[in-house]
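Written out below as C-alpha cells is the structure these notes cover.
Below, read A as the first sequence line, B as the second, and so on, with proteins coming before strands; counting in each chain starts at 1.
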Protein chains: 2
Amino acid sequence: MPVSSQPALLLKLVALHSKIQRQLAGQLSFHGISFTEYLVLRQLHEAPGNKLRRVDLAQRVGLTASGVTRLLNPMQKTGLIDKEDAARDARVSLVTLTSAGATIFKDADVSFTEVAQSFFEPLAAEDQRDLLRMTSALI
Amino acid sequence: MPVSSQPALLLKLVALHSKIQRQLAGQLSFHGISFTEYLVLRQLHEAPGNKLRRVDLAQRVGLTASGVTRLLNPMQKTGLIDKEDAARDARVSLVTLTSAGATIFKDADVSFTEVAQSFFEPLAAEDQRDLLRMTSALI
DNA sequence: GATTGATGCTTGACCAGTCAATCATTTCAT
DNA sequence: ATGAAATGATTGACTGGTCAAGCATCAATC
C-alpha cells in the first residue's frame, strides 16, 4: 500500500464518525436523550446491579469525572438515574439506573440497533466481519 | 453475520474515533493548533489559490457557518489566515492561507502523517486497502 | 426598477465538555 | 495511632462548538 494513503484513511474515519454522530443524535433525540446519555444508560444497564461508581462510568463512556458530574445532574432531575451512597466508602457516590431509565434505554436501544443495521447495510456480511476484526485490532 | 453485531461494530468505530482524536490532538498541539484548525489549513492548502469562501470552508471541515467565524477569528489574530473581500460579491469574505499558515500546515502535516502511519501499523497492507474501500462505501 | 426571496456572514444565548483547584475520605508506612 | 499520599467527587473558569435571529447584499420576477 502506498504510504500516502494512511492520512486519507484517517480522514475517512473521521468523516465516517461525523456521519454516525449525526444519525445517532437524530434518532436518539426522539427518545429525548443524547448519544452520551445513551451510553450512560447502556453502561448502567450492563453493569451488575445496574449500578456504577462515577469514576468507572466516566472511564467506560470516555468522559472525565467532571464531565460525568455535569452529565448526570440533569439525568437525575429527569429521573433516568439516581444517586446512592456506597456502603464501604463515603467518598464514592454510586449511580443507579431507575426503572424509568431502563424503559427509556430499551426504547432508545431499538433505535440504536436500527441505525447500526441500516448504517452497515452497504457492506457484505464478510466485510462487516472484517471491519469488526480490524477495529478491534486498532483500538 | 449475526444481526446483533452491528451495534457492537458501531460502538467500536466510536471508540476508535476517540483514540484518533486523542492522538491527533496530542501531536498537533506541538504545533500550536487543534485538529479542526489543521483541517482548515489543509483545505486552504488544497484549494485553488489557497483561498475559500467561509461557507465552502464550513462544509469541507464539517462545521456550521458560525462555527467557522468563531474558529477563524483567533487564527487570523495569530496570522495563520487572512481575510479578503470577494471582487464579484460584497457578501462573501474569502479566507486565504498566509505564508506563515502554510509553514505551520506543512510542519503539522508531517505529524499528521506520522500519526496516521503509526495508527494503522497493526493492519496488513491488504487490510488497509479493504478498510479504505469500506469507509468510502459507508460515507 | 421596486419587491421579494435567497445567500453569506456575524452575533447573542446556550450546551457539552475539559482542566485545575478544592474538599472529603480512605489507605498506607511507620 | 498518626501523618502523608492517594482517590472520588464537585466546582469555577474556560473552550469549542450549535442554533436562531439579524443584517447586508444579491438575484429574479413582475
Practice item. Calculate, to the nearest 0.5 Å, the distance between atoms CG and CD belonging to A/D109 and A/E114 respectively. Key: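 The distance works out to 10.5 Å.
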
Point to revise | Sorted by number, the residues of residues 14-29 of chain A with heavy-atom contact under 4.0 Å to DNA chain D | key: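 Output list: empty, so none.
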
Practice item. State whether B/R133 and B/D130 are salt-bridged, where the test is any N-O pair (Lys NZ or Arg NE/NH1/NH2 against Asp/Glu carboxylate O) under 4.0 Å. Key: yes

Practice item. Could you walk me through whether A/N50 and A/T96 pass side-chain contact (heavy atoms from CB on, under 4.5 Å), step by step? Key: CA-CA 6 Å; A/N50 293 343; A/T96 68; 5.9 Å; no

Check your understanding: Where do A/K83 and A/R54 land on the side-chain contact (heavy atoms from CB on, under 4.5 Å) test, with the steps shown first?
Key -> CA-CA 10 Å; A/K83 281 188 193 185; A/R54 286 160 121 78; 3.6 Å; yes

Review point. Under the criterion side chain to side chain contact (heavy atoms under 4.5 Å, CB included), which of B/I20, B/D127, B/L131 is the partner of A/L138?
Key: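 Running side chain to side chain contact (heavy atoms under 4.5 Å, CB included) over B/I20, B/D127, B/L131 with A/L138 returns exactly one hit, B/L131.
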
Review point. First contact, last contact: which nucleotides of DNA chain C are these for chain B, 5' to 3', heavy-atom distance under 4.0 Å?
Key: C/dA6 to C/dA13

Exercise for review: Let me have a per-nucleotide readout for nucleotides 10-19 of chain D, 5' to 3', with B, S or -, counting only protein heavy atoms under 4.0 Å.
Suggested key: BBBB---SBB

Review point. To the nearest angstrom, how far is A/L52 atom CG from D/dA9 atom P?
Key: 11 Å

Review point. Any side-chain heavy atom of A/M134 sitting closer than 4.5 Å to one from B/K12?
Key: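 Side-chain contact under 4.5 Å: no.
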
Practice item. Could you walk me through whether B/L80 and B/E37 pass the side-chain contact (heavy atoms from CB on, under 4.5 Å) test, one step at a time? Key: CA-CA 10 Å; B/L80 297 178; B/E37 288 169 330; 5.6 Å; no

Exercise for review: Classify the angle between the aromatic ring planes of A/F105 and A/H45 as parallel (below 30°), tilted (30 to 60°) or perpendicular (above 60°).
Suggested key: tilted

Point to revise | Test item: A/Q128 side-chain N/O and A/F120 main-chain N/O as donor-acceptor pair under 3.5 Å | key: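 Checked: pair present.
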
Practice item. Show the numbers, then the answer: is there a side-chain contact (heavy atoms from CB on, under 4.5 Å) between B/Q21 and B/H17? Key: CA-CA 6 Å; B/Q21 285 288 358; B/H17 180 261; 3.2 Å; yes

